[in-house]
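As the structure is a prediction and not an experimental result, all values here were calculated from the model.
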Amino acid sequence: MAVVACCALAAPKAGSGSLPEQRAPAGFPRAVRLLTRRDFARVFDDARPFGSALVTVLARPNDLGHARLGMVIGKKKLRRAVDRNLMKRIIRESFRRQQTALPALDLVVIAKPAKRVDRQRLARDLAKQWRRIAGAHDDRRDAADSTRRSA
RNA sequence: AGAGCUGGCCAGGCAAUCGCUGUCCCGCAAGGGAUGGAGGAAAGUCCGGGCUCCACAGGGUAGGGCGCCAGGUAACGCCUGGGCGGCGCGAGCCGACGGAAAGUGCAACAGAAAGGAUACCGCCGAUGGCCCGCAAGGGCACAGGCAAGGGUGAAAUGGUGCGGUAAGAGCGCACCGCGCAGGUGGCAACACGCUGCGGCAUGGUAAACCCCGCCCGGAGCAAGGCCAAAUAGGGGCGCGACAGGUGUGACCCGCACUGCGCCCGGGUAGGCUGCUUGAGGGGAUUGGCGACAAUCCUCCCAGAUGAAUGAUUGUCCACGACAGAACCCGGCUUAUCGGCCAGCUCUUGCU
């Protein structure tokens, strides 16, 4: 009942994402970050890539029961330190808000070359990526389940 | 009021919610609470130091840097004050600003001549020559003299005036300028409308070589130190060598494998440290023109490490620039929306 009411209220506000922006506001403790070189290497080793004009996201399932985030923001991609910091903050914030909607994946977001960072475009783009990744993961799991069932 | 100069300062504010991170407190823990959390340039990495490790008797050479003087400073290529030169009506601003009579080199084009150089046009032609004339004198411009004027150039051997002369010339004189020696003032750079001497010289260029004086060992926090799985090989001590240990097995025999234990050392992954109390900030007093220093009081003010200071919403206004710490300081340079304060200058108007 409450859920329906909420959606009804949200609906008129033209195309806000299908992922609820603020369901269970979450923190961003160290447990949900990729911290070591090994963590990153594991993802780079065998990951599914998702791309957009602004970023590339690599995803590889983990067995922790929640998603983890890592970022690679190269100095060559964004010249100014201010832009690099800004990009990381936007990515972190986006992940923080929407991590509960994500499956148990290790994600590495890689910056693409840009002159400046457009916060709104980037935020929108990231939301889209999370959705795609979550969807793809579900499909794969469904497929695996179905093959297992048929076998 | 307008135009401008110099020095200094600020870098959107407030509130709520959700996050990140250092420290402290509470808690067995999960967690909770309190509090701190980018810059004036954090930037470029161009100088100077501290701090580490390596090297090192001293001196010299090579190489590099600096370059008016005196201060300040831990030090500097920085800062302050002064000198000199240039720009501006002025407040002020700008200057790699030692040496060119040690040497070597360089200078397009133009120009007659460009370094101890020169005579194209020009001026003169007193003197000598030639011609005319009885002569006085006149003419020619051959010898020769001159560098004032024209012209070239970034630059042409000091300027003005008078004398002088055939015409001229520092040839002579006066004043200005210049050089040398002295004197005076100044710590000094340097200054002098003080004296004497010299007719007048060393043209420019040293971010060209060079000379002179002074300074400089190298590498950098991925420096360096500590703990330490794994792995290779090593050392010491003790015990044992028909033994013992491990495996198989319920156990013994048997069979298979193998010296064993401890210590030292080593150092990969990883972790800790270096890591923020410092040539520190604020205030007062004193000394100094000032940079700055001394004394006292007071404050603790980022310390991340896949790398934190953000997001959303509301609100106010002059609608917010350049931009993000990574061992730490002192400078320089470059980027930068706007705004504030102080002192001063010029112009105009009023009293």
Side-chain angles (χ1 to χ4, degrees), chain A residues 1-138 140-141:
Chain A
M1 291 278 278
V3 173
V4 172
C6 167
C7 286
L9 277 171
K13 289 208 170 182
S16 60
S18 65
L19 276 174
E21 272 282 334
Q22 240 152 335
R23 156 176 121 184
F28 189 64
R30 302 179 79 84
V32 301
R33 303 183 215 164
L34 298 182
L35 291 174
T36 64
R37 203 179 312 171
R38 215 170 294 151
D39 293 336
F40 277 81
R42 211 185 72 85
V43 177
F44 281 121
D45 194 45
D46 176 27
R48 227 182 127 184
F50 298 83
S52 79
L54 302 175
V55 294
T56 303
V57 184
L58 300 179
R60 176 173 179 165
N62 66 36
D63 47 11
L64 294 167
H66 58 81
R68 294 196 299 172
L69 177 69
M71 290 176 279
V72 178
I73 314 294
K75 215 170 197 173
K76 299 223 171 124
K77 306 293 169 60
L78 284 165
R79 280 255 166 258
R80 301 185 309 152
V82 174
D83 289 326
R84 290 196 296 278
N85 282 340
L86 179 60
M87 186 153 189
K88 285 191 226 169
R89 284 163 183 163
I90 293 167
I91 294 169
R92 257 199 302 273
E93 189 64 13
S94 179
F95 177 84
R96 185 173 75 80
R97 292 275 162 125
Q98 302 180 37
Q99 57 182 306
T100 49
L102 290 166
L105 292 168
D106 281 348
L107 301 163
V108 173
V109 180
I110 303 167
K112 290 195 174 176
K115 287 216 160 162
R116 295 254 164 171
V117 176
D118 184 331
R119 346 167 62 109
Q120 303 219 323
R121 262 188 75 200
L122 182 58
R124 248 178 279 135
D125 187 70
L126 285 167
K128 204 166 124 196
Q129 296 309 313
W130 303 144
R131 231 176 299 133
R132 277 180 64 201
I133 290 163
H137 184 78
D138 288 343
R140 191 194 268 171
R141 199 177 49 203

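The salt bridge (Lys or Arg N to Asp or Glu O under 4.0 Å) contacts involving residues 102-112 of chain A comprise A/Arg42-A/Asp106, A/Arg68-A/Asp106, where partners must be two or more places apart or lie in separate chains.
A straight line from CG of A/Leu35 to P of B/U21 spans 10 Å, rounded to a whole angstrom. The distance from atom NZ of A/Lys88 to atom C1' of B/A38 is 14 Å, rounded to the nearest whole Å. We find that CZ of A/Arg96 is positioned 6 Å from P of B/G19, with the value rounded to whole Å. Rounded to whole Å, atom P of B/G324 lies 12 Å from atom CG of A/Leu86. Atoms CZ (A/Phe95) and C1' (B/U312) sit 19 Å apart, rounded to a whole Å. Atoms CZ (A/Phe40) and C1' (B/U305) sit 13 Å apart, rounded to a whole Å. Atom CG of A/Asp39 is separated from atom P of B/A307 by 11 Å (rounded to the nearest Å). Protein atom CZ of A/Arg84 is 12 Å distant from nucleotide atom C1' of B/A43, rounded to whole Å.
Backbone-only contact: A/Leu34 has heavy atoms under 4.0 Å from sugar-phosphate atoms and none from a base. At a threshold of 4.0 angstrom between heavy atoms, the contacts of A/Arg116 are confined to the sugar-phosphate backbone, with no base atom among them.
B/U276 adopts a syn glycosidic conformation, its chi angle falling within 90° of 0. Its glycosidic angle being within 90° of 0, B/C301 falls on the syn side. Glycosidic conformation at B/A38 (O4'-C1'-N9-C4 for purines, O4'-C1'-N1-C2 for pyrimidines): syn, within 90° of 0.
One donor-acceptor pair, N or O on each side, does fall under 3.5 Å between the base of B/G324 and the side chain of A/Arg89.
Of all nucleotides present, none satisfies the Watson-Crick or G-U wobble test against B/C56 with each distance under 3.5 Å. Using the Watson-Crick or G-U wobble rule with both distances under 3.5 Å, B/C301 pairs with nothing in any strand shown. The partner of B/A156, taking Watson-Crick or G-U wobble pairs whose two distances both stay under 3.5 Å, does not exist in any strand shown. Partner assigned to B/C239 is B/G259, using Watson-Crick or G-U wobble distances below 3.5 angstrom. Judged by Watson-Crick or G-U wobble contacts below 3.5 Å, the nucleotide B/C322 has B/G39 as its partner. Figure legend. B/C221 is base-paired to no nucleotide; pairs are counted as Watson-Crick or G-U wobble with both atom distances under 3.5 Å.
Between the side chain of A/Asp39 and the main chain of A/Thr36, a donor-acceptor pair closer than 3.5 Å is present. Under the 3.5 Å distance criterion, the side-chain polar atoms of A/Arg132 are matched with a main-chain donor or acceptor of A/Gly51. Listed for the A/Asp118 side chain is no donor-acceptor partner under 3.5 Å among the backbone atoms of A/Leu122.
Relative to the side chain of A/Val82, the nucleotides B/G19, B/U21, B/G324 differ in distance, and B/G324 lies closest. When distances run from any side-chain atom of A/Arg92 to the nucleotides B/G324, B/U309, B/C18, the shortest one goes to B/U309. The side chain of A/Asn85 lies closest to B/A38, out of B/A307, B/A38, B/G310.
Using a 4.5 Å cut-off on side-chain heavy atoms (C-beta onward), A/Lys77 and A/Arg84 make no contact.
If you check residues 64-76 of chain A against RNA chain B, the residues with a heavy atom closer than 4.0 Å are A/Met71, A/Val72, listed by number.
Residue order along RNA chain B, read from the 5' end via each residue's closest nucleotide, puts A/Phe44 first among A/Phe44 and A/Asp83.
OP1 or OP2 of B/U21 has at least one side-chain nitrogen or oxygen of A/Arg33 nearer than 4.0 Å. For B/G44, neither phosphate oxygen OP1 nor OP2 lies less than 4.0 angstrom from any side-chain nitrogen or oxygen of A/Arg79.
Distance CD1/A/Ile110 to CZ/A/Phe44: 4.5 Å, rounded to 0.5 Å.
Ion pairing between a basic and an acidic side chain is recognised when a charged N comes within 4.0 Å of a carboxylate O; A/Glu93 and A/Arg89 show no such pairing.
Remark: A/Arg33 pairs with A/Phe28, A/Arg30, A/Leu35 by the side chain to side chain contact (heavy atoms under 4.5 Å, CB included) rule, at least two apart or across chains.
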